[in-house]
2 protein chains.
Amino acid sequence: MFWTRFAMLLKDVTQAPVNPRKKPRQARAQATVDAILQASAHILVRQGFDGFNTNAVAERAGVSVGSLYQYFPNKDAIIAEMVRAKRSRLLTGLQAAEAAHEDAGLSEVLAALVAATIAHQEGWPQLSQALDRAAALMPLSEEGAELTAAILGVLHRVLRHHDVADAEVASLDLLALCRGMIDAALLRGEQDMDLLQARVMRAVLGYLGLRAM
Amino acid sequence: MFWTRFAMLLKDVTQAPVNPRKKPRQARAQATVDAILQASAHILVRQGFDGFNTNAVAERAGVSVGSLYQYFPNKDAIIAEMVRAKRSRLLTGLQAAEAAHEDAGLSEVLAALVAATIAHQEGWPQLSQALDRAAALMPLSEEGAELTAAILGVLHRVLRHHDVADAEVASLDLLALCRGMIDAALLRGEQDMDLLQARVMRAVLGYLGLRAM
DNA sequence: TCAATATGTGAGTTATTACTCATGTTTTGG
DNA sequence: CCAAAACATGAGTAATAACTCACATATTGA
């Protein structure tokens, strides 16, 4: 019928509230969600973004597409959740490093933060990279934005605590600097993390006008 | 999601010299190609990768899809050409900076190189970023790879000429460091290029163990 | 002038894939 | 034990977009 061609005009004029999918309540549901996330990571690393489609993810996870869409409103939400989890882990690592060196000198705290950042990326650098890229291209969820702010916040707090001038800009610069160096190094397969750490620290301390430790 | 629309990673691993299309011979054909590239840039910046499809590009360029496919064998080739052109421009800028400071001290040459890099990204930071990202996801054309090597080569040569140890690794690190800081700063809308330059130089000189100029 | 060649056209073909829904199965609370 | 709620299924639908092709127009060179 001709009118079906106009059905699109009727749908969803009002903005959708980013589809509240159900949360898993039973253990098997949680297992399904975990399987989906694990399969997603696997596919992202092995096939890249091109192989990453919901059918493939569901198949590899051993669940049906229908199940996938019970817990993720759309494909992006899977990526968003992986990014969220990754950010959350980094934040935890940084906070731990901060706490463990509360009374130490600036260089020492920064070294701990850099080490935590490297360790965080090291495990699965290809997945880390893929997720970082995706994160840059996606509108962040509210929680994602909060986590990003909190990550920057740790650095900012440390710098201010040690009376660094322009802590605001410095934290942005240092984060970008570290990310750039670490990503590039891991991407080209670098193995020696201590060496990488030392090089990053030279740049960081140089930026701040401090001498090497 | 942008990545599903790119053939980049999976197709023709083993084959196809990715250029079986005709080169423009008449002026109007060159105009067509230019229009396509310009439209592509516009769409990439305004709509991102999601809006970047051949139909949209052709429409905005004011040509037909058929014409587009006369000069570009596939969608990726458009991006590849933009990346190639961008790399080529950067290389030219760096070589000019190098030549203009042949007999100067290391700090001075580096400052010129950093300035050239900033100037290069400054014009359209969003396009720069989009292309950088795309380049990371695409297999480089032969010429693209050569350009990348040449860009690194300039830095490498400068470092070696001034007897920097580990010039190989240092050039990789410094390039990544600069890219990271500059991209981030321009994307968040920073305006003061002299200030940015000074901050980048602090990191660069610190990395090399040199004092500020 | 007039073929040969270069360039331009855009509706149509085709493959892909995000996402739905009618229906079936399992778990839970009372 | 039994309904209701949670969970799972996967063939099917519909939208999208890469790319083709048969044909039209413009330019060139002799």
Nucleotide nearest A:V65 (side chain, heavy atoms from C-beta), chosen from C:dA18, D:dA11, C:dT7: D:dA11

Sugar-phosphate, base or nothing in reach of B:R28, heavy atoms under 4.0 Å: base

Nearest-0.5 Å distance that lies between atom CG in A:L106 and atom CG in A:L208: 6.0 Å

Separation of C:dC19 P from A:L68 CG (nearest whole Å): 10 Å

B:K75 NZ - D:dA18 P separation (whole Å): 4 Å

side-chain N/O B:T54 vs D:dA18 OP1/OP2, d < 4.0 Å: yes

Sugar-phosphate only, base, or nothing, as touched by B:Q70 at under 4.0 Å among non-hydrogen atoms: base

Step-by-step side chain to side chain donor-acceptor pair (under 3.5 Å) determination, B:Q38 to B:D34: CA-CA 6 Å; B:Q38 205 176 324; B:D34 292 344; over 6 Å; no

Electrostatic pair B:R84:B:E146 at N-O distance under 4.0 angstrom: no

Rounded distance in Å - CD (A:Q26) to P (C:dT25): 17 Å

Salt-bridge contact A:R179-A:D173 (side-chain N to carboxylate O under 4.0 Å): no

No-hydrogen, no-angle side-chain donor-acceptor test under 3.5 Å, B:Q30 and B:K23: no

Sugar-phosphate only, base, or nothing, as touched by A:F72 at under 4.0 Å among non-hydrogen atoms: nothing

Protein-nucleotide distance (A:E59, atom CD; C:dT17, atom C1'), rounded to Å: 14 Å

Ionic contact status for B:E143 with B:R87, cut-off 4.0 Å: no

Sugar-phosphate only, base, or nothing, as touched by B:N55 at under 4.0 Å among non-hydrogen atoms: base

Among C:dT9, C:dG8, D:dC19, the nucleotide that comes nearest once only the side chain of B:V63 is considered: C:dT9

Whole-Å gap separating P (D:dA6) and OH (A:Y71): 10 Å

Phosphate contact (C:dG8 OP1 or OP2) by B:S64 side-chain N/O below 4.0 Å: no

Selection from D:dA18, C:dT27, C:dC19 that lies nearest to any side-chain heavy atom of A:N74: C:dC19

Contact under 4.0 Å: B:S67 side-chain N or O vs C:dT7 OP1/OP2: no

Nearest-angstrom distance from the residue atom CD1 of B:I78 to C1' of D:dC19: 12 Å

Selection from D:dC7, D:dA17, D:dT9 that lies nearest to any side-chain heavy atom of B:N53: D:dA17

B:T32 side-chain N/O to C:dG8 phosphate OP1/OP2 under 4.0 Å: yes

Side-chain N,O (A:Y69) to OP1/OP2 (D:dA8) below 4.0 Å: no

Length of the CG-P vector between A:D50 and C:dT17, whole Å: 9 Å

DNA chain C: 5'-proximal contact among B:G62 and A:G66 (nearest heavy atom): B:G62

Spacing of B:I36 atom CD1 relative to C:dG8 atom C1', expressed in whole Å: 11 Å

